[in-house]
Amino acid sequence: MGGGTLPGTAATASDAESDRVVFHVDMDCFYASCERLRRPELADEPVVVGMGYEAGGTIGAVATASYEARAFGVESAMPISAALELLPRRADADPDDPDAPDPAETGRYLPVDLEFYKDVASEVKAVIRDCADTRREVSIDEAYLDVTDRTSWAVAGGGECGSDPEITDAETADPETTDAETADPETTDPPPSTAAGPADVRTLAEGYARHVKSRIEREAGVPASVGVAPNMSAAKVASDADKPDGLVVVPPGTVADFLAPLPTADVHGVGPVTERTLAEMGIETAGDLAAADPDRLAEELGDRGRALSRRARGDDERAVTPTGLPKSLSRESSLPATDDDETKRDTVSALAADVARRARERGCLYRTIGIKAVEPPFEVNTRARSLPGPVDDPDLVEAVALDLLDEFDGVRVRKLGVRVSKLDFAEGDQATLSGFDAAEQTDGEESGPSETRAATGGDGSKLTDWVGAEPTIEEDDTDDGTPGDRPRRSEEGQASLGDWE
DNA sequence: TCTGGGGTCCTAGGACCC
DNA sequence: TCTGGGGTCCTAGGACCC
């Protein structure tokens, strides 16, 4: 990075010439960290947080395992029953029972408490919003920050190219920042640089990342790992490279070298299937991937092949953009495999009601209703039907879902799901501030003309006649039908994260 | 160890239209 | 009157991510 880049000259340069500064902030075993926050006695214990898990039970899957638990082989997505074999429950450690597990080799098992984690996440987000104007909050525990305008790749301490006073200020002027990262680098014996480049070069970007990271820990009380790079995919890999509590910096020009030795599976977008395909082509590392002929990759993987090849070379021009509004809403749930149609219909009815309720809470209409039916062992079937126009109609969701389910009469299923898609956030009536408490009005009046009458029209002919029977829906739904509380699109074009809070 | 639940994006084939 | 091409929408499935 010699002497920085003149404005305008870098715009079209690919990969390493981009001088953007992108952070990927990734909370360490977030759910477990949240549990520790409110139960400090769990601090150094193996902690397993299970979804679908109830205290004392054996069903469910591992949502998050603390690093202490991972040392026993417990991994995300593993069935709780399997985790228990590797790491028995602490409660089962009975000192009087010679057959009981050694307490030192047991762990704490807790059910997911998403509401609490969201509270913690909102504190993390408050820090992130304070530290970056441009950001993408990807999930409850993960975000990308473009902080190009707050820091730079200049070398810290007024080195060769780090002479921009504004930038130095940005890093150090925060009055709240009292710890080492603001102090004079000369006197505080800075932590060794984790830059992938020349190890003795600390950039301002690294200092700012340290600042963000320590603010999160201080203000939200949970640890984070941060990856720093000139683009999103490299930052993502960097944040993973030294977990937990990691800070890995990959300066411009070093991205390809940083990625090269990593297995292909570490490249964002390479899952088990692609990994296998690549291995069959003799491609084992990101370096191999970068060196492979893009045309050959495209033959095997389609357009994705080319994109992965670019990523592996450190070339990722995607801008950090806020998360948009959701494209679909769904609920699904597993059940003991059954072919009992009554059970299946009850399940689908409940899922449909829940999906419809959430859609209404978010003030969104939907035009497609679908189901998912998973046959053992893992055969996924989906069916969907589109309506002539967007609606907000719980009864219709149920009716259509049940109708689609008919195809699976007598079929054994182990999981069922209901989804609405082709969402329409009906942005027309911002004026409806009165609909503020719409989430509460789920009973009684239907809050608007978007309620389609087709399926509930009073005759027994359920939905045989709704397709094409209600071309009037379209006119109707535009004037109302949005409860108006959720789509907070004004915040930044699109709600930065309409999801929670 | 038979795999939880919530999403996104992409592809392919068919229907339909001009 | 067996034959063109392009575009769009829809459905189903697959891969991936957290």
Side-chain angles (χ1 to χ4, degrees), chain A residues 24-31 48-53 58-64 73-86 111-112 114 117 121 136-144 232-233 236-237 239-240 264-278 298 300-308 311 318 323-337 351 354-355 358 367-388 404 407 414-423 467 497-500:
Chain A
H24 182 252
V25 175
D26 200 347
M27 308 306 296
D28 301 323
C29 53
F30 184 59
Y31 294 180
V48 177
V49 182
M51 66 169 48
Y53 169 80
T58 59
I59 51 176
V62 176
T64 303
V74 177
E75 294 172 5
S76 260
M78 179 179 275
I80 291 289
S81 55
L84 283 167
E85 290 186 15
L86 297 165
V112 167
L114 206 54
Y117 310 153
R136 180 183 189 87
E137 290 158 4
V138 176
S139 70
I140 192 169
D141 66 346
E142 197 186 333
Y144 293 91
M232 290 173 71
S233 64
K236 165 79 180 161
V237 176
S239 72
D240 257 340
T264 55
D266 283 9
V267 177
H268 200 47
V270 176
V273 176
T274 305
E275 182 185 18
R276 209 161 41 235
T277 305
L278 292 172
E300 297 292 332
L301 302 168
D303 266 357
R304 267 182 55 246
R306 272 181 234 278
L308 291 175
R311 266 178 215 188
R318 289 174 301 161
T323 319
L325 296 166
K327 306 256 191 312
S328 67
L329 296 174
S330 65
R331 278 248 16 210
E332 56 188 60
S333 93
S334 293
L335 55 166
L351 295 170
D354 201 75
V355 168
R358 281 167 53 212
R367 205 162 79 74
T368 299
I369 297 163
I371 64 160
K372 171 155 116 177
V374 181
E375 297 176 56
F378 204 71
E379 189 187 334
V380 179
N381 302 278
T382 60
R383 297 294 181 268
R385 189 174 299 158
S386 287
L387 314 177
L404 293 169
E407 182 183 334
R414 47 169 287 265
K415 178 188 278 196
L416 289 165
V418 174
R419 165 190 315 263
V420 294
S421 55
K422 295 212 169 63
L423 304 186
V467 190
L497 187 44
D499 302 356
W500 30 71

Margin query: Please tell me if A/S81 has a side-chain N or O lying less than 4.0 Å from either OP1 or OP2 of B/dT1.
Written below: no
Check: With respect to the phosphate group of B/dG7, does any side-chain polar atom (N or O) of A/R358 fall under 4.0 Å of OP1 or OP2?
Finding: yes
Once you round it to whole Å, what is the distance between [atom2] of [N] and [atom1] of [X]?
| X | N | atom1 | atom2 | answer |
| --- | --- | --- | --- | --- |
| A/K422 | B/dC9 | NZ | C1' | 14 Å |
| A/L325 | B/dG6 | CG | C1' | 17 Å |
| A/K327 | B/dG6 | NZ | C1' | 15 Å |
| A/R367 | C/dT8 | CZ | P | 15 Å |
| A/D303 | B/dT8 | CG | P | 21 Å |

Checklist line | Pairing residues for A/R358 by the salt bridge (Lys or Arg N to Asp or Glu O under 4.0 Å) criterion, not counting sequence neighbours | finding: none
From [X] [atom1] over to [Y] [atom2], what is the distance, rounded to the nearest 0.5 angstrom?
| X | Y | atom1 | atom2 | result |
| --- | --- | --- | --- | --- |
| A/H24 | A/R136 | NE2 | CZ | 11.0 Å |
| A/R318 | A/R311 | CZ | CZ | 4.0 Å |
| A/R419 | A/K372 | CZ | NZ | 6.5 Å |
| A/L301 | A/L278 | CG | CG | 5.5 Å |
| A/L325 | A/L423 | CG | CG | 9.0 Å |

Checklist line | Minimal non-hydrogen separation, A/D26 against A/K236, with atom names | finding: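 That closest heavy-atom pairing would be OD2-NZ, 4.1 Å.
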Note to self: Minimum heavy-atom separation for A/V112 and A/A63, please, with both atom names.
What the structure shows: CG2-CB, 3.9 Å
Note to self: Taking side-chain hydrogen bond (donor to acceptor under 3.5 Å, both in side chains) as the definition, give me every residue that meets it alongside A/T64, ordered by chain and number, with sequence neighbours left out.
What the structure shows: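 If we apply the side-chain hydrogen bond (donor to acceptor under 3.5 Å, both in side chains) test to A/T64, skipping adjacent residues, there are no hits.
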Check: Taking the same atom, P, in C/dT3 and in B/dC17, what whole-Å distance lies between them?
Finding: 23 Å
Notebook entry, point to check: Taking the P atom of each, how far is C/dC18 from B/dC2, in whole Å?
Noted result: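 Straight-line distance between the two P atoms is 26 Å.
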Donor-acceptor pairs under 3.5 angstrom involving side-chain atoms of residues 265-277 of chain A: please list them, not counting sequence neighbours.
unit_1	atom_1	unit_2	atom_2	d
A/T274	OG1	A/R304	NH2	2.6
A/T277	OG1	A/V273	O	3.0

Can you pull every protein N or O that's under 3.5 Å from an N or O on nucleotides 3-5 of chain B?
unit_1	atom_1	unit_2	atom_2	d
B/dG4	OP2	A/S334	OG	3.3
B/dG4	OP2	A/R414	NH2	2.6
B/dG5	OP2	A/S334	N	3.0
B/dG5	OP2	A/S334	OG	2.7

Notebook entry, point to check: DNA chain B: stems of at least 3 consecutive Watson-Crick or G-U pairs, cut-off 3.5 Å?
Noted result: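 When the pairs of DNA chain B are grouped into runs of at least three, the stems are B:5-18 with C:5-18.
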Next item on the list: For residues A/I80 and A/V62, determine if any side-chain heavy atom of one lies less than 4.5 Å from a side-chain heavy atom of the other.
Entry: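 Side chain of A/I80 against side chain of A/V62, heavy atoms only: contact under 4.5 Å found.
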Notebook entry, point to check: Could you write nucleotides 12-18 of chain C as a row of B, S and -, 5' to 3', where a protein heavy atom under 4.0 Å of any base atom gives B, of only sugar-phosphate atoms gives S, and otherwise -?
Noted result: SS-SSSS
